[in-house]
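Chain letters run A, B, ... following the sequence lines, proteins first and then strands; every chain starts at 1. Please read all numbers here as calculations on a predicted model, not as lab measurements.
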Amino acid sequence: MKPKPKRVATKKILALLSQMYPDAHCELDFRNPFELLIATILSAQSTDKQVNIVTKGLFAKYPHPQNYIDLTEEELAEEIRGLGLYRNKSRNILQTCKILTSQYGGEVPTNRAALESLPGVGRKTANVVLSNAFDVPALAVDTHVLRVSNRLALADSDNPLEVEKQLNHKVPRKDWTDTHHQLIWHGRRICSARKPKCERCDLLPLCWYGKNQVGSH
DNA sequence: AACTCGGGGCA
DNA sequence: TGCCCAGAGTT
């Protein structure tokens, strides 16, 4: 495979992405920052569809962080059964709710440092909450964004934080959240990890990876 | 950098 | 059956 070009048609790629996925949005169901925070913690290695099913019952029963602090890990684990990594998530959410209750008056903090200090909340989850619940521009880099932006040569790194920085330089700040969603939708629908559907991808003429795949067998 | 957690959906 | 799912924490 050829080395990545130093400059790519970034504007064209971004324009095409927004044209391909004009309705790209967060597919998790949530009504407030707390629900988004919990749903996003739960979404790791789980489908958003399953998260929505589980959280519907969970939030009806336990709408506020205060409602969680007296549960045991086992009790909460039972509530979120059906999702992957559910023991870790149960422990983290319980701890997070205790911190939200004792230190933040039951509210979700709006700054990154406070968010990332919560158990189960890393860079990616913090960015999702900031951008989707608080309208703070932040480009969350998950596995889809990492893979797709590298294939398009919009980024050149396996480190999510590094990719986030590279994208921040190339994407207008006002578009960070939309671009984030578009890259994810593209990664799920066409630019999949194993067998990307390059033959029906409108980005193929502009794609470093796709052009290198054509005729490479 | 390499593990570990992990059940459920879907081809 | 194998592969994948909007990661984070620990070693």
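Less than 4.0 Å separates DNA chain B from at least one heavy atom of each of the following residues of residues 17-48 of chain A: A:Gln45, A:Ser46. Remark: A:Gly82, A:Leu83, A:Gly84, A:Leu85, A:Tyr86, A:Arg87, A:Asn88 in residues 82-99 of chain A come within less than 4.0 Å of DNA chain B through at least one heavy atom. Contact check of residues 137-152 of chain A against DNA chain B (heavy atom, cut-off under 4.0 Å) returns no residues at all.
Side chain of A:Lys197 to main chain of A:Ser192: no donor-acceptor pair is present (N/O by atom type, distance under 3.5 Å, no hydrogens or angles). Panel note: side chain A:Ser90, backbone A:Tyr86; no donor-acceptor pair is recorded below 3.5 Å. At distances below 3.5 Å, not a single donor-acceptor pair connects side-chain atoms of A:Gln50 with backbone N or O atoms of A:Ser46.
Using a 4.0 Å cut-off, some side-chain N or O of A:Arg188 falls inside it from OP1 or OP2 of C:dA6.
Contacts classified as ring pair (Phe, Tyr, Trp, His ring centres under 6.0 Å) and involving residues 26-70 of chain A (residues at least two apart or in different chains) are given here: A:Phe34-A:Tyr68, A:Tyr62-A:Tyr68. Within the structure, every pair that satisfies the salt bridge (Lys or Arg N to Asp or Glu O under 4.0 Å) test and touches residues 140-162 of chain A, not counting sequence neighbours, is listed here: A:Lys4-A:Asp156.
Note: A:Leu14 CG to A:Leu183 CG = 8.0 Å, rounded to the nearest 0.5 Å. Summarising the geometry, atom CG belonging to A:Asn92 is positioned 10.0 Å from atom CG belonging to A:Leu42; distances are rounded to the nearest 0.5 Å. Interatomic distance, CG of A:Leu118 versus CD of A:Gln95, reported as 11.0 Å (0.5 Å rounding).
Across all strands shown, A:Thr125 has heavy atoms under 4.0 Å from sugar-phosphate atoms exclusively, and none from any base. Within the 4.0 angstrom heavy-atom criterion, no nucleotide atom of any strand lies near A:Pro160.
Side-chain heavy-atom separations under 4.5 angstrom define the hydrophobic clusters, and A:Ile53 shares its cluster with no other residue.
Across the protein-nucleic acid pair, A:Lys195 atom NZ and C:dC3 atom P stand 10 Å apart, rounded to whole Å. As rounded to whole Å, 15 Å separates atom C1' of C:dA8 from atom CG of A:Leu115. At whole-Å resolution of the value, CG in A:Asp158 and P in B:dA1 are 9 Å apart. Note: CG (A:Asn127) to P (C:dG7) measures 13 Å, nearest angstrom. A:Gln50 places its CD atom 13 Å from the C1' atom of C:dC4, with the value rounded to the nearest Å. Counting to the nearest Å, the C1' atom of C:dC5 and the CZ atom of A:Arg189 are 14 Å from each other. Counting to the nearest Å, the P atom of C:dG7 and the CG atom of A:Asn159 are 16 Å from each other. Rounded to an integer number of Å, the gap from A:Leu167 CG to C:dA6 P is 19 Å.
Ring-centre distance between A:His186 and A:Tyr21: below the 6.0 Å cut-off.
For the salt bridge (charged side-chain N to carboxylate O under 4.0 Å, His left out) with A:Glu164, the qualifying choice from A:Lys170, A:Arg123, A:Lys124 is A:Arg123, the only one to do so.
Rounded to the nearest Å, the gap between the C1' atom of C:dC3 and that of B:dG6 is 14 Å. Of the P atoms belonging to C:dA6 and B:dC3, the separation is 25 Å, rounded to the nearest Å.
Residues A:Arg123 and A:Gly187 each lie close to DNA chain C; by heavy-atom proximity, the contact nearer the 5' end of the strand is made by A:Gly187.
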Apply side chain to side chain donor-acceptor pair (under 3.5 Å) to residues A:Asn168 and A:Arg173 and explain how you reach the verdict.
CA-CA 7 Å; A:Asn168 284 348; A:Arg173 176 179 294 255; over 6 Å; no
